[in-house]
Amino acid sequence: IDPGKRSVSLQPNPVYSSTANLVIETPGAISRMSILIYDANGSLMLKMNEQKGAGKKTIPLSLEKLAKGKYFLRVFNGDQAIGSTELIRL
């Protein structure tokens, strides 16, 4: 186990339905966590504010407002990037 591990992943990916699970793992707690989803043109499509304790947290995402296509998901701790992943909605 890596005590400094930080990871961001999406399950399932590609997404065939209107929901997916965002799995975020960090060594410490985050009180101001922003989740941003951008389309392929760089336009902000969805913004969520969350918080999490130390370790792993799974956050359900509602993607029904997103058309089929490719998106980029970025997660921040305040102003510091935690990680990013691609999101494919089919």
Side-chain angles (χ1 to χ4, degrees):
I1 298 174
D2 179 359
K5 181 176 183 181
R6 299 186 324 175
S7 68
V8 173
S9 63
L10 191 69
Q11 301 167 349
N13 197 13
V15 180
Y16 293 95
S17 66
S18 61
T19 59
N21 288 315
L22 176 64
V23 181
I24 301 169
E25 187 172 357
T26 60
I30 300 173
S31 61
R32 289 183 27 227
M33 183 169 64
S34 300
I35 300 164
L36 308 172
I37 299 178
Y38 297 92
D39 67 10
N41 297 321
S43 298
L44 181 63
M45 304 302 291
L46 181 68
K47 179 178 181 179
M48 296 173 52
N49 293 308
E50 291 279 338
Q51 47 188 302
K52 66 176 283 304
K56 188 182 288 189
K57 179 172 183 176
T58 300
I59 300 168
L61 297 179
S62 176
L63 305 174
E64 55 199 21
K65 294 181 181 179
L66 298 181
K68 292 179 180 178
K70 184 176 186 177
Y71 298 89
F72 301 94
L73 192 147
R74 299 185 73 195
V75 181
F76 290 87
N77 176 0
D79 295 331
Q80 181 184 8
I82 296 171
S84 62
T85 188
E86 287 186 2
L87 183 164
I88 307 290
R89 178 134 196 248
L90 299 177

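Computed from a prediction, not measured in an experiment: that's the story for all the values here.
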Crowding at CZ, R89 (>12 non-hydrogen neighbours, <6.0 Å): yes
Where P27 and K5 come nearest, the two heavy atoms and their spacing: CD-O, 3.2 Å
In one Ile/Leu/Val/Met/Phe/Trp/Tyr side-chain cluster, 4.5 Å: M48, V23: no
Under 3.5 Å, side-chain donor or acceptor atoms of residues 30-39 against the rest of the protein: list the pairs with distances, not counting sequence neighbours.
unit_1 : atom_1 : unit_2 : atom_2 : d
S34    : OG     : N49    : OD1    : 3.4
D39    : OD1    : N41    : N      : 2.9
D39    : OD1    : G42    : N      : 3.0
D39    : OD1    : S43    : N      : 2.9

Donor-acceptor pairs under 3.5 angstrom involving side-chain atoms of residues 7-22: please list them, not counting sequence neighbours.
unit_1 : atom_1 : unit_2 : atom_2 : d
N13    : OD1    : I88    : N      : 3.0
N13    : ND2    : E86    : O      : 2.6
S17    : OG     : T19    : N      : 3.4
S17    : OG     : T19    : O      : 3.2

Joint cluster assignment, F76 & M45, ILVMFWY side-chain distance < 4.5 Å: no
Using distance only, find each side-chain donor-acceptor pair of residues 55-62 under 3.5 Å and give its atom names and separation, not counting sequence neighbours.
unit_1 : atom_1 : unit_2 : atom_2 : d
K57    : NZ     : Q51    : O      : 2.7

Nearest heavy-atom neighbours spanning K52 and T26: NZ-OG1, 2.6 Å
